[in-house]
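Below is one structure, written out as structure tokens; the observations come after it.
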Amino acid sequence: MSAPLGFHLDASACIGCRTCVIACNSKNGLPVGRHYRRVVEYGGGSWIPDPEDPTLMAPSGLFAYCLSISCMHCEDPACMAACPTEAIRKRPDGVVLIDSARCAGCRYCEWACPYGALSFDPSTGRMTKCDLCVDLMDAGEEPWCVTSCVTRALEVGPLDELRAEHGSLDALAPLPPGDQTRPGLVITPHRHGQPAGEGSGRSSNPERDLR
Amino acid sequence: MPDHPDGDEGRPFRLDRRGFLKWGAVAGGSALGGLGSGIKIPGGPPLPWDIEEPGVPAPGPPPLTGGQWVPAPCWHNCGGQRCLLLAYVVDGEVLAVKTDDTHPDTPHTPQMRACARGRAQQGQVFAPDRLRYPMKRRNWEPGGGKRALRGVDEWERISWDEALDLTAAELERILARHGNEAVLELGSTLRRLFSGLGGAVTNWGSTSWGTWLDTGPRIGLGDGLRDTSHNDRLDLQNSELIVLWGGNPAWTAQGNAMYYYLQAKRAGARFVFIDPYYNDSAMVLADEWVPVRPGTDHALALGMAYTLLEEDDPATNPLIDWDFLNRCTVGFDGDHMPPGADPGDNVRDYVLGRRDGIPKTPEWAARISGVSAPRIRRLARRIARARRAALLTAWAPARTHNTDSWPQMFLTLGCMTGHIGQPGRMTGVSCWERTADGGPFLVGAGGSGEPPMRRVPRKTTARINNSELWQAVLEGEYTAGEGERRKVDLRAIVHDGASALNQVSGLLKGIEAHRKVEFVLTLNFVYNTNARYSDIVLPVTTQWERHSYFKGNRDHLVWARKVVEPRYEARDDSWIATELGRRLGIDPGEMLPLSPEQEEFNRLAGSWVVGPDGQEREKLVAITAQDIRKMNVQGEPQEGRISLEEFRRKGIYVVPRHPDDGLGYVAFADFRQDPERHPLSTPSGRFELHCQDIADHVRSVGFTRIDPIPVYRPPAEGYEETFTDFERGIKGPHPLQLITLHYRRRTHSVFDNVAWLREAFPQEFIMNPLDAEARGLATGDPVMVQSRHGAVLRPLFVTERIMPGVVALGEGAWADVDPRTGVDRAGATNVLNGDRPTGQGHQGWNTCVVEVRRHRGPERLEADWRRPPRIPRGVEGP
Amino acid sequence: MTILHEWPLVFFTLTVQLAVGLHLALLAAMGPLRSGVPAGKANPWSNRPSLLVGLLMAVALTISLLHLGTPFNAVHTLSNLDDSWLSREILAALVFLGLWGLGFWLGSRPGVAPWKVRALAWAAAVAGIALVGAMARIYMVPARPLWDHWLTAAGFFLTALLLGAVGVAAWAEHLSASGSASPVRVFLPGGAFLAAGLAAALGQVAVTLTHPVTVEMTASAAGGSSLATARLLLLLCGAVLLVVPLVRSSLPGGSPLRAEKPGRWAAAALLFLGASEVVGRMLFYAAGTVDSF
């Protein structure tokens with residue numbers, strides 16, 4: 001059995017440009033309203049009277065960063081456990097795929113996934129999600145999100161190799177702590193990265209109708 | 001009356017793989033009701049992904065088979081790196097778009113990767129709101145018809161013959177009756193036609209560059225596009241401090257630019273961002289963020305200059321590079337003045353207050369700029385003490401009113417600190433497609449070989465500044481130079497390309513102007529703002545439907561070509577020019593002197609690349625006699641670095657780069673070493689901190705005046721104008737400063753209709769929590785933004801990332817002006833920006849004062865991407 | 001807040017909970033442990049309303065198919081009993097319906113030992129409780145912090161109790177109104193069901209006020225607070241309609257105010273409480289579509 005595959009995200013380089021999102025849309029023919037990959041914007045801080053000049057305001061603890069996320073191809077996929085039809089399964093290389101011949105479209109996996117990675121396709125009545133571009137991977141190429149990244153912040157590979165090179169961090173706020181599903185993700189933290197589950201900032205994507 | 005067909009509920013249109021080929025029909029259909037349903041993704045062949053249960057179909061669309069990847073043009077004025085797109089074409093239809101994978105991606109020779117917009121190019125070429133066939137406004141008739149209905153009228157589909165006949169007849173009538181000075185041409189694709197007819201009135205003025213366009217070259221710096229003043233991207237990695245003053249390359253220079261900056265950061269550079277907005281570039285790069293009020297950068301720089309003068313001591317605390325100032329500049333002090341200049345008129349005396357009695361102390365600067373005095377001092381010291389610093393700015397701070405001297409002030413800081421002309425040291429514009437990579441091109445395409453137009457005596461030479469354009473139409477007068485107002489009687493507006501109505505300040509006045517004239521003609525491929533307020537609209541092809549396209553940057557050249565056949569009835573602009581010319585008595589040969597194939601060949605044959613010595617140019621493309629026969633063109637075979645076939649297949653040639661390859665660039669290195677032997681092209685041959693040339697130029701334009709040295713002038717609609725009484729600190733009716741950002745959804749106004757991009761980038765109005773709380777506003781609230789010139793409606797995004805007192809909105813959204821209220825619902829910034837001509841006649845987009853309040857209406861505004869595509873009323877059916 | 005595509009689930013869950021609640025209440029009403037009950041009558045199936053339980057379950061399962069994007073693949077939904085609470089829910093629903101059907105069939109056959117039917121009634125009750133429990137566990141996933149709370153389960157069980165008890169209270173009155181010809185007797189006084197219903201209604205008020213769904217949705221989502229307000233108002237109206245007959249039933253026999261037909265009040269209360277449950281469930285599902293990032 002080959003080592004499980006996963007993503008490396010360099011959060012210190014992700015500029016939130018969404019090129020990966022559009023590349024993914026193009027690869028998978030996704031209409032608006034559906035995504036396999038999305039960018040989470042997280043930030044916080046405040047403005048206080050400038051200690052050096054109280055007539056002015058100054059930022060205090062201000063920070064912001066972006067995380068480009070998709071299906072994490074988790075070691076313990078919550079979607080897979082939730083699926084009543086066993087339509088969600090893992091390849092030996094760790095890629096989590098949906099068998100559309102079995103999927104009943106109950107959308108339970110959508111609720112169970114802590115990363116919001118699943119996308120229901122109303123035209124087929126099936127759930128869909130990132131398949132790590134297995135067609136390309138099997139042909140020796142890389143997923144389009146990875147090859148699209150203009151700051152080279154995304155990487156794909158065997159998780160053990162990615163961890164050996166980039167460490168074992170698998171979550172930053174606002175992502176859930178990695179122990180929930182053990183995501184196939186290695187993060188190089190942004191300099192202001194906040195621990196998952198304890199972040200002081202907020203993601204404003206939902207309020208802005210940004211997915 | 002709503003002026004788009006919003007009777008339907010605005011379902012977001014589908015866009016699955018097979019859907020692409022019927023994209024326009026499908027999406028257009030969804031707005032018409034029901035045609036968009038029923039498209040199925042066909043099941044693909046099985047993939048052996050599951051060992052336990054082989055044969056289970058893989059999810060998603062079928063793999064791409066049966067077609068080929070074609071290098072596809074990404075042709076916009078985007079500020080990006082001129083990236084490579086590849087479109088997968090099957091049976092003349094595009095199934096997917098990817099980017100450069102023609103060579104391994106390495107830090108020194110990276111792939112030319114495209115941005116979100118480029119990769120969404122399908123959404124534009126196959127847009128549901130592509131203009132499909134010639135249209136005539138229902139209530140237009142020669143002479144104008146019901147002019148007030150422009151923008152709200154219905155449309156009629158007409159044949160090409162009818163459209164060309166009507167257009168030619170109306171132009172002929174106006175030219176015959178009112179002369180060439182009655183036609184305002186606001187694009188360029190019919191330029192040859194109008195030249196043949198004796199010319200038309202045109203527009204002028206710096207847009208993107210702000211005041212760098214005229215001031216930059218006159219003081220000795222590049223304008224940032226045609227000529228650069230910063231070192232190349234590999235030398236940038238020698239900098240220990242990089243100051244980005246008013247720049248956000250993550251948004252404005254997409255493609256590889258941020259990768260180059262990240263490389264510099266990894267090489268050890270520290271980054272300081274000076275900007276009202278903690279932008280996405282600062283998010284990943286900034287070690288320090290200095291929030292500064294819009295339009296006050298000049299004051300901040302003066303405070304820094306004062307600090308350096310105050311604290312410099314050549315022996316104990318050397319902060320100022322006197323040697324550089326003395327050898328390489330004129331005008332800094334009374335001992336180094338250009339010939340004929342008043343010695344009292346020098347920068348040093350102005351900064352210290354000896355000239356006007358006001359020392360430009362950090363305290364003085366703090367009050368204007370919003371940066372505290374101690375911080376101004378620290379910033380000045382930090383830059384002055386850095387061994388190798390890059391002082392880089394973008395055009396944004398110069399895109400403000402009355403800011404003609406700002407480039408000179410920026411240069412002054414660079415000269416005082418001596419960060420010019422050495423490895424890791426540079427001062428200048430790092431912006432748009434030249435971001436983070438200065439220097440002359442290493443590779444380029446040849447000329448098209450198009451012969452010049454036969455000379456026809458011009459019947460008009462009138463050129464109207466962008467800031468007086470609409471007023472000239474409405475009031476019949478414009479400024480033609482210092483003290484010179486001229487009459488003009490404009491009867492027709494021709495939008496042959498560009499996007500003038502949407503992209504020039506004073507949009508509401510522009511609509512009025514469009515409703516005044518007798519004839520408005522638009523050539524475009526989408527139903528943009530120009531088209532909406534026109535009488536006759538002619539659909540043109542996109543670059544994907546044209547023969548070939550060449551574009552590159554410093555170290556690569558893209559050769560893209562036709563991807564698909566013209567959609568619907570779209571035609572090339574050149575065909576339209578020829579056909580109109582035929583009807584107006586111009587020889588068609590004048591319009592289309594060369595075949596597209598011959599033009600393409602000429603550009604290929606003339607393509608060049610620098611040799612290993614970094615100096616000599618050699619031919620890029622090897623062309624065989626067989627190639628020439630196959631292309632069916634005239635030409636000679638030639639040797640070259642790559643074969644035609646390889647270039648055709650890859651669509652790109654990239655010059656391999658390495659730090660020691662001799663192709664690096666340090667701007668002004670020779671000049672710094674020996675200014676006598678390598679003088680600049682300024683009158684003095686030096687950097688002109690005293691520049692009579694720019695002062696004279698600004699005076700000659702006829703709007704306002706400036707000094708030859710960088711004197712700070714409070715800009716029209718700047719911070720000072722947020723007060724009714726600045727001295728006593730009493731705020732006025734427009735207490736907030738608006739900046740208009742290059743927004744990621746678009747390149748200016750292009751791409752605004754692309755659903756994927758509308759979804760990713762919501763065109764929200766950005767505000768600080770302190771300002772929002774004071775108005776009882778929260779993220780998602782619908783807000784009305786009111787300036788002196790108009791009002792727009794937008795959803796609010798509250799973020800700490802913008803400084804208090806400053807608000808921001810992306811420029812370029814297609815105006816959607818409610819005919820009842822006059823309020824724009826798209827967030828078109830030129831509704832807010834006023835047409836106020838100052839200085840060199842540039843557009844002052846980042847100086848605008850506004851107030852913001854909650855909109856009385858729905859609790860939330862529907863997101864743009866959920867709104868139906870904008871399709872001309874009356875011609876919905878194919 | 002998007003709730004449109006969850007309509008089938010609103011009605012599926014409420015219908016199942018009503019069916020389970022009715023079965024439990026009927027079981028209690030039959031008072032099998034009380035003396036003096038004819039053995040053959042001490043099971044829910046001796047009453048016509050028990051038919052409703054089976055009917056409701058059949059309807060609920062049909063509605064649940066409407067929620068599926070690919071209803072044909074519903075045949076696979078029992079595949080993941082190892083891990084999936086949805087598989088378990090469907091199994092529990094089928095077992096509940098099966099036991100109910102078996103009891104119905106046996107109860108209608110002469111000569112079947114009453115204890116067998118009673119045992120089936122109890123087994124069905126256990127399956128029903130398991131069903132409501134499994135249903136709640138579906139939503140109690142870490143990925144949905146607003147749902148992932150024991151109050152979700154509490155709310156589901158209270159819904160079953162509320163609708164079942166008030167339903168039976170309404171029905172008991174109907175029986176007594178229809179005269180002594182009915183072969184059925186209700187062994188618990190109507191007041192007990194009214195009281196149980198009232199307790200459940202007040203319990204729902206408490207759950208509604210404290211559940212993370214209400215707390216978060218009223219704070220953040222547009223329209224969240226109006227749904228929550230409507231839910232609470234309807235609940236309180238239903239509770240008041242239950243209080244009136246309870247108080248008046250407790251009056252002495254000769255009092256002119258003594259309620260003669262408390263079931264009509266209960267029936268009216270059921271309308272309000274049912275509406276409240278629909279509104280409450282809409283709010284619940286709306287919370288599930290809110291992404292936290």
Side-chain angles (χ1 to χ4, degrees), chain A residues 38-42 67 69 76-89 99-118 120-128 173-177 179-181 196-197 199 201-207 210-211, chain C residues 1-2 4-6 8-9 12 64-94 134-135 137-148 152 216-217 219-222 284-293:
Chain A
R38 62 203 183 99
V39 172
V40 178
E41 300 180 20
Y42 190 74
L67 303 172
I69 59 168
D76 300 325
C79 59
M80 196 162 107
C83 176
T85 63
E86 286 202 321
I88 304 185
R89 272 171 283 170
D99 175 357
S100 59
R102 289 183 75 83
C103 174
C106 72
R107 311 184 65 159
Y108 183 17
C109 50
E110 196 179 356
W111 288 333
C113 172
Y115 299 98
L118 290 122
F120 183 68
D121 182 352
S123 72
T124 62
R126 265 85 166 184
M127 191 57 76
T128 60
L175 303 185
D179 54 8
Q180 268 187 30
T181 60
R202 62 186 190 286
S203 156
S204 52
N205 290 39
E207 295 162 50
L210 269 183
R211 267 85 52 79
Chain C
M1 218 164 55
T2 43
L4 270 178
H5 72 262
E6 307 299 358
L9 286 181
F12 166 70
S64 76
L65 290 180
L66 295 180
H67 166 67
L68 298 182
T70 309
F72 284 126
N73 279 346
V75 295
H76 298 300
T77 49
L78 289 175
S79 303
N80 196 7
L81 292 171
D82 283 357
D83 294 314
S84 171
W85 282 103
L86 187 52
S87 280
R88 292 168 192 166
E89 176 206 50
I90 289 156
L91 178 67
L94 294 176
M135 194 177 259
R137 286 301 304 271
I138 287 175
Y139 303 99
M140 293 158 69
V141 285
R144 302 282 144 188
L146 299 189
W147 285 348
D148 190 16
T152 295
E216 284 298 317
M217 293 298 283
S220 63
F284 180 83
Y285 282 108
T289 61
V290 172
D291 285 313
S292 48
F293 57 86

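Naming: A, B, ... by sequence-line order, numbering from 1 per chain.
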Closest contact, heavy atoms only, C:T70 versus A:T124: OG1-O, 3.6 Å
Heavy-atom closest pair, residues C:L86 and A:A82: CB-O, 4.4 Å
Winner by heavy-atom pair count (cut-off under 4.5 Å) against chain C, out of A:G116, A:C113, A:C83, A:A78: A:C83
Region of A:L67 in contact with chain C, defined by heavy-atom distances below 4.5 Å: neither
CD1-CG distance between A:I88 and C:D83, expressed to the nearest 0.5 angstrom: 11.5 Å
Most contacts with chain C, counted as non-hydrogen pairs under 4.5 angstrom, among A:G125, A:P114, A:A104: A:A104
Whether C:N73 side chain and A:G105 backbone form a donor-acceptor pair below 3.5 Å: no
A:E86: which of C:S84, C:S87, C:S79 passes side-chain contact (heavy atoms from CB on, under 4.5 Å): C:S79
Interatomic distance, A:Y108 atom OH to C:N80 atom CG [nearest 0.5 angstrom]: 10.0 Å
C:H76 side, atom NE2; A:C106 side, atom SG - distance, nearest 0.5 Å: 12.5 Å
Spatial distance of atom CG (A:N205) from atom CZ (C:F293) [nearest 0.5 Å]: 9.5 Å
Engaged part of C:L78 at the chain A interface, taking heavy atoms whose separation is under 4.5 Å: backbone
A:R38 versus chain C, the contacting section by heavy-atom distance below 4.5 Å: side chain
Part of A:Y42 lying under 4.5 Å from any heavy atom of chain C: neither
Toward chain C, the part of A:A81 with a non-hydrogen atom under 4.5 Å: both
Parallel, tilted or perpendicular: rings of A:W111 and C:Y139 (30°, 60°): tilted
Heavy-atom pair of closest approach, residues C:V141 and A:A112: CG2-CA, 4.3 Å
